[in-house]
Structures are given as structure tokens and as C-alpha cells.
Number of protein chains: 2
Amino acid sequence: MKESESKLENRNIKPTAMRELVLSVLSEQTAAISLADLEQTFEKADKVTLYRTLKTFEENKLIHSIDDGTGSVKYALCKETCQCHPEDLHVHFLCTKCKKTYCLNDIPVPSVNLPTRFTLENINMVIKGICSNFHR
Amino acid sequence: MKESESKLENRNIKPTAMRELVLSVLSEQTAAISLADLEQTFEKADKVTLYRTLKTFEENKLIHSIDDGTGSVKYALCKETCQCHPEDLHVHFLCTKCKKTYCLNDIPVPSVNLPTRFTLENINMVIKGICSNFHR
DNA sequence: GTTAACTTTGCAACTTGGTTGCATCAATTT
DNA sequence: AAATTGATGCAACCAAGTTGCAAAGTTAAC
């Protein structure tokens with residue numbers, strides 16, 4: 001069995017050809033990509049199918065979405081063990097020059113002392129700035 | 001001179017009637033509000049005017065915007081001294097039950113040790129969960 | 001192996017939030 | 001008062017995301 005196949009099945013996603021393709025595209029990325037980005041890597045693929053594929057992946061925690069404030073949601077692969085719980089989350093970085101959004105996998109989202117009676121479910125932390133590609 | 005007038009002028013915003021009205025609505029809020037919310041508080045006001053008013057306010061740092069991932073940007077008043085620099089920023093909280101977005105003014109955005117060659121400009125940190133209104 | 005049941009895919013069309021262009025109106029300046 | 005500048009309002013547009021439905025593909029049952 002192909003690796004992509006088992007990755008999908010591990011997350012209880014039926015491994016169709018389309019899904020394996022999308023997964024492989026996602027695996028190649030160094031930055032998070034949007035639905036539109038994904039669409040453009042395929043010459044001929046329906047936006048809606050890709051959209052639903054991403055939704056399925058996200059629901060099953062194969063990928064996570066990042067709202068970086070640019071108006072288009074980005075997606076990136078989760079780590080094998082990720083359950084998308086607060087302790088699994090990492091910081092994201094949006095470069096205002098190159099417009100790319102990176103997972104800073106090594107930087108966990110810092111914990112916050114919420115006032116009592118506030119229950120935490122999820123945290124979205126996006127840092128904007130200039131990335132190393134523009135500092136060289 | 002009215003207080004709202006001077007608040008506007010302090011931020012170099014020409015105090016028109018419309019702008020004073022919008023400012024007063026913003027002042028009344030306990031949660032951040034969207035353009036659509038704002039539109040509804042006025043019986044008769046053009047969406048575009050309100051939109052541009054918010055833009056002007058934001059550019060001049062009278063208010064700040066929060067992208068809470070709901071698909072509509074929210075706005076809230078800045079503190080008097082706010083320059084919207086990283087050290088001025090606070091955490092925001094989106095309640096998944098009541099759908100309101102609150103400024104947690106007392107909780108500064110925690111500082112993050114970025115890898116070298118990453119320059120920080122801004123941070124958006126939104127915590128999702130359930131707010132006190134639903135814990136009573 | 002054929003039929004039935006279910007899932008995925010693809011097309012069209014729509015919704016919503018945000019945005020721009022342009023004409024009009026108000027206010028400030030000379 | 002005429003001229004310049006800025007604010008407002010209407011219409012129309014744009015992009016991202018989303019839904020409905022039919023066609024194609026897959027799986028299961030007989």
C-alpha cells in the first residue's frame with residue numbers, strides 16, 4: 001500500500017485518486033496553501049472538489065486551516081500525532097513581503113491565563129512580519 | 001467641544017456628524033462589532049460610508065480590527081495611548097456560543113521568540129471558547 | 001455478475017463580505 | 001462668491017466560500 005494511502009486511512013479518509021493527489025501536493029509545500037493555490041497546481045480540477053477534499057482532510061485532522069487575515073484561508077499538513085487540541089497548536093507566520101504563510105512547528109502557541117469562567121477550545125495565533133527569505 | 005469631537009481630533013480625524021455617531025456607537029459596545037452589526041444599529045446609513053469611516057478610524061488607530069475567523073472582521077476602540085504596536089496588543093476571545101468577540105484588554109499578547117531573521121510587525125491572537133455569559 | 005445503495009466528483013449557480021468608481025454634497029480656503 | 005478639498009451615497013463589482021443536484025464511480029447484497 002502506498003504511503004499516501006495509509007496516511008489517509010489512518011485518518012479514516014477513503015483514499016481516492018483525487019485525495020492522494022491533493023495529499024501529495026500538500027506534502028510538497030514548504031508554506032501553507034490556499035484553495036486557490038491548490039487549484040492552480042492542477043491544470044484541470046474542479047474547485048469544489050478540491051474544496052470538499054480540504055474540508056474532509058480538515059475534519060479528520062489530516063490538515064489544519066490557518067486564517068492569516070489575508071482573506072483566503074490557508075491549509076497545511078498536521079503532524080502525524082496531531083489532534084488539533086490546544087496543546088498541539090503552533091504559531092503561524094505571515095510574511096508581508098512574500099505573502100507566504102508558514103507553520104512555525106517548533107513554536108507552540110503560548111498558554112494564556114484566561115479569566116475564570118472562560119473555557120478555551122482553540123487558539124489562532126498569526127504573527128505578521130518579514131520572513132528570512134527577505135533578510136538574506 | 002464635545003468629547004467625541006476631541007477624541008477624533010486627537011487622532012487627526014475630521015469630526016463630521018457621521019463620524020461622531022459611529023464613534024458613539026463604538027463606545028457603547030461591550031464586544032467588538034462588524035461592519036454589518038454597525039449597519040444595523042443605524043436605520044438609515046450607507047454601508048460604504050460606514051465602511052470608509054471604519055477604515056479611517058483604523059488607519060488613525062482610533063480603533064483596531066480583529067479577524068476572528070468568522071468571516072467578518074470586527075472592530076473595537078483602541079485605548080487612548082494605543083499605537084497598535086506589538087507591545088500594545090491584547091488577546092481577543094471569540095465565544096462559540098454567543099458568537100461575540102471580546103477584547104481581553106488585560107491580557108497582552110505573549111511575546112514569542114521568533115527564529116533569527118524573522119522580523120515581527122504584528123500579532124493576531126484569537127482564542128475560541130465559551131465566555132462567562134454561558135457559564136453562569 | 002447484476003442490481004441496489006452509497007460516496008465522490010463536477011458543473012452551475014448563489015451568498016456574503018468587502019471594495020471601487022463616480023457623481024453629489026458639504027465644508028473650508030482664497 | 002468661486003474654487004478647492006474632502007465626505008457621503010448609490011450602483012455596481014469582485015473574490016472567496018458554499019450549496020444543490022446530477023453524473024460517475026465504488027462497494028455491498030443478492
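Throughout, protein chains are lettered first and strands after them, A, B, ... in sequence-line order, and every chain is numbered starting at 1. All of these numbers come straight from a predicted model, not from anything done at the bench. Side-chain atoms are counted along with the backbone in the values below, which use heavy atoms only and exclude waters and symmetry mates.
A side chain to side chain donor-acceptor pair (under 3.5 Å) with B:H92 holds for exactly one of B:H64, B:K74, B:K128; it is B:H64.
For A:E80, the CD atom counts as loosely surrounded, since its 6.0 Å shell holds 12 or fewer non-hydrogen atoms of other residues, nucleotides or ligands.
The closest donor-acceptor contact from the side chain of A:R117 to the backbone of B:C131 lies at 3.5 Å or more, if one exists at all. Side-chain atoms of B:D88 come within 3.5 Å of backbone N or O of B:Q83 as a donor-acceptor pair.
Residue contacts shown for B:T16 are limited to sugar-phosphate atoms, with no base heavy atom under 4.0 Å away.
Closest approach of B:R11 and B:K61 over heavy atoms only: CZ-O, 3.0 Å. Closest approach of A:P115 to B:I107, counting heavy atoms only: CD-CD1, 3.9 Å. Here the closest non-hydrogen pair linking B:P110 and A:M125 is O-CE, 3.9 Å.
One interatomic measurement links the two molecules: CG of A:D46 to P of D:dA23, which rounds to 16 Å at whole-angstrom precision. Taking atom CG on B:L21 and atom C1' on D:dT8, their separation rounds to 14 Å, with Å as the unit. Spacing between atom CE of A:M18 and atom P of D:dA24 amounts to 18 Å, rounded to whole angstrom units.
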For nucleotides 12-20 of chain D, read 5' to 3', which letter fits each nucleotide if B means a protein heavy atom sits under 4.0 Å from the base, S means only the sugar-phosphate is that close, and - means neither? ----SBBBB
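Mapping heavy-atom proximity under 4.0 Å, the span of DNA chain C touched by chain B runs 5' to 3' from C:dG17 to C:dG21.
Within residues 58-69 of chain B, no residue approaches DNA chain D, by heavy-atom distance under 4.0 Å.
Screening residues 28-49 of chain B for side chain to side chain donor-acceptor pair (under 3.5 Å) gives B:S34-B:D37 as the qualifying pairs, with residues at least two apart or on separate chains.
Residue B:V22 belongs to a hydrophobic cluster whose other members are B:L8, B:I13, B:M18, B:L21, B:L23, B:V25, B:L26, B:I33, B:L35, B:L38, B:F42, B:L50, B:Y51, B:L54, B:F57, B:L62, B:I63, B:V73, B:Y75, B:L77, with links defined by side-chain heavy atoms closer than 4.5 Å. Side-chain contacts under 4.5 Å among hydrophobic residues (ILVMFWY), followed directly or transitively, place B:L94 together with B:I66, B:V126.
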